[in-house]
Each structure stands twice: as structure tokens, then as C-alpha cells.
Amino acid sequence: MALIMTLLFANPLRELVLIRLLDKLKQGRGPLVAKSVSATVLVVFISILRSAIEIKNRSIEAGGVINPTDAVLMEDHFLEASLMGFCLFMALMIDRLHYYIKELSLSRKVLKEVQMLDFEGRKNEGEEEK
């Protein structure tokens with residue numbers, strides 16, 4: 001969460017995080033490792049949800065009464081699933097924020113170059129007219 005807040009607002013830490021941490025993580029085998037870890041977490045997330053749904057269906061078949069063991073197991077599954085879902089969401093947000101910030105800085109750099117060329121072109125046209 002702190003990393004997302006760092007990326008959202010312009011501050012000195014933002015450049016440090018972007019240049020040092022996220023850019024280096026996205027080089028080499030970093031994207032492959034990140035995708036495989038997120039795929040694994042997603043599979044475990046789906047498995048946990050499936051287990052919680054099975055417990056819920058078992059209680060419905062038993063007449064709508066959940067025994068205490070199943071209640072504790074179901075709550076544990078929901079807590080695990082919510083934590084994994086939150087982690088997946090945060091990873092997605094960090095990835096997209098990094099991408100958009102890099103694109104924005106690239107666009108600003110290109111815009112500055114175009115403005116400088118346009119300014120130099122106008123300056124040269126003014127000198128030729130004299």
C-alpha cells in the first residue's frame with residue numbers, strides 16, 4: 001500500500017522506487033518469475049474459495065446448520081482468500097502504475113524535444129527573414 005502511495009504522488013522516493021526497484025525487477029527473468037508467482041497465488045486463491053463453497057454447500061445439505069468446526073474452517077478460508085485477493089490486486093495496481101508513470105515520463109520527454117525543435121525552427125526562421 002505504501003508503494004502505491006509512493007507511486008501516486010510526485011516525491012523524491014518515487015524516482016528512487018521507479019528507477020532502482022521496479023525497473024530492475026522488470027528486467028531479465030523478473031517478469032517471468034512475477035507471472036508464475038501470481039499464477040500460483042491465483043490457483044491457490046481459487047482452490048481456497050472452492051473449499052469454502054464446499055463447506056457452505058455441505059451445511060446447506062445438512063439443514064442449514066453449520067457445525068463449529070466447519071464455521072472456523074470457512075472463516076479461515078475466507079480470510080486466506082481475502083488476503084490473497086488483496087495481494088493480487090496490489091500487485092496489479094503497482095504494475096499498472098509503474099507502466100503508466102513510465103509512459104507519462106516518456107511522453108513528457110518527447111513533448112519537450114518537439115517543443116525545443118519547434119522553438120529552434122521558429123528562431124531560425126526569424127533569423128533568415130532578417
Side-chain angles (χ1 to χ4, degrees):
M1 189 66 130
L3 184 60
I4 290 176
M5 295 303 289
T6 303
L7 290 174
L8 282 177
F9 302 107
N11 57 34
L13 284 176
R14 180 177 173 179
E15 294 301 318
L16 178 71
V17 167
L18 277 175
I19 293 170
R20 307 270 167 127
L21 181 67
L22 292 176
D23 286 344
K24 288 185 181 182
L25 281 176
K26 289 193 172 189
Q27 293 176 355
R29 294 185 182 177
L32 179 64
V33 171
K35 287 177 185 176
S36 61
V37 167
S38 62
T40 304
V41 170
L42 183 65
V43 167
V44 172
F45 174 71
I46 292 170
S47 172
I48 289 173
L49 284 179
R50 192 177 136 265
S51 297
I53 291 171
E54 285 178 2
I55 292 171
K56 183 74 171 169
N57 289 339
R58 191 171 49 218
S59 69
I60 290 172
E61 289 174 2
V65 178
I66 296 178
N67 65 29
T69 305
D70 283 344
V72 169
L73 283 174
M74 193 166 69
E75 294 303 319
D76 183 52
H77 287 315
F78 281 136
L79 285 173
E80 288 175 357
S82 64
L83 178 64
M84 286 185 192
F86 182 73
C87 290
L88 285 171
F89 177 74
M90 288 295 136
L92 179 69
M93 289 295 295
I94 290 169
D95 181 55
R96 292 291 90 197
L97 279 171
H98 178 251
Y99 174 76
Y100 291 136
I101 290 170
K102 291 301 270 185
E103 286 295 316
L104 181 65
S105 66
L106 181 65
S107 298
R108 284 181 179 166
K109 191 180 294 184
V110 169
L111 182 63
K112 273 186 180 179
E113 290 175 4
V114 169
Q115 286 175 343
M116 290 298 289
L117 289 174
D118 186 43
F119 176 72
E120 290 174 2
R122 288 183 185 178
K123 185 178 172 184
N124 289 338
E125 286 176 7
E127 290 175 0
E128 290 175 1
E129 290 176 2
K130 290 182 184 180

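Position 1 is the first residue of the sequence; numbering continues from there.
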Using atom types as modelled, flag every donor-acceptor pair under 3.5 Å from a side chain in residues 79-96 to any protein atom, sequence neighbours excluded.
| residue | atom | partner | partner atom | Å |
| --- | --- | --- | --- | --- |
| Ser82 | OG | Phe78 | O | 3.2 |
| Ser82 | OG | Leu79 | O | 2.9 |
| Asp95 | OD1 | Lys26 | NZ | 2.5 |

Between Ala52 and Met74, the two heavy atoms sitting closest are O-SD, 3.9 Å
With sequence neighbours left out, the residues meeting side-chain contact (heavy atoms from CB on, under 4.5 Å) with Thr69 are Asn67, Leu73
With sequence neighbours left out, the residues meeting side-chain contact (heavy atoms from CB on, under 4.5 Å) with Val72 are none
The complete set of salt bridge (charged side-chain N to carboxylate O under 4.0 Å, His left out) pairs with one or both residues in residues 104-115, sequence neighbours excluded, reads none
Anything under 3.5 Å between a donor and an acceptor, one on a side chain of residues 54-66, the other on a protein residue two or more places apart or in another chain? List them.
| residue | atom | partner | partner atom | Å |
| --- | --- | --- | --- | --- |
| Glu54 | OE2 | Arg50 | NH2 | 3.0 |
| Asn57 | ND2 | Ile53 | O | 3.4 |
| Arg58 | NH2 | Asp70 | OD1 | 3.1 |
| Ser59 | OG | Lys56 | O | 2.6 |

For Val114, the hydrophobic cluster (side chain heavy atoms closer than 4.5 Å, chained through members) also holds Val110
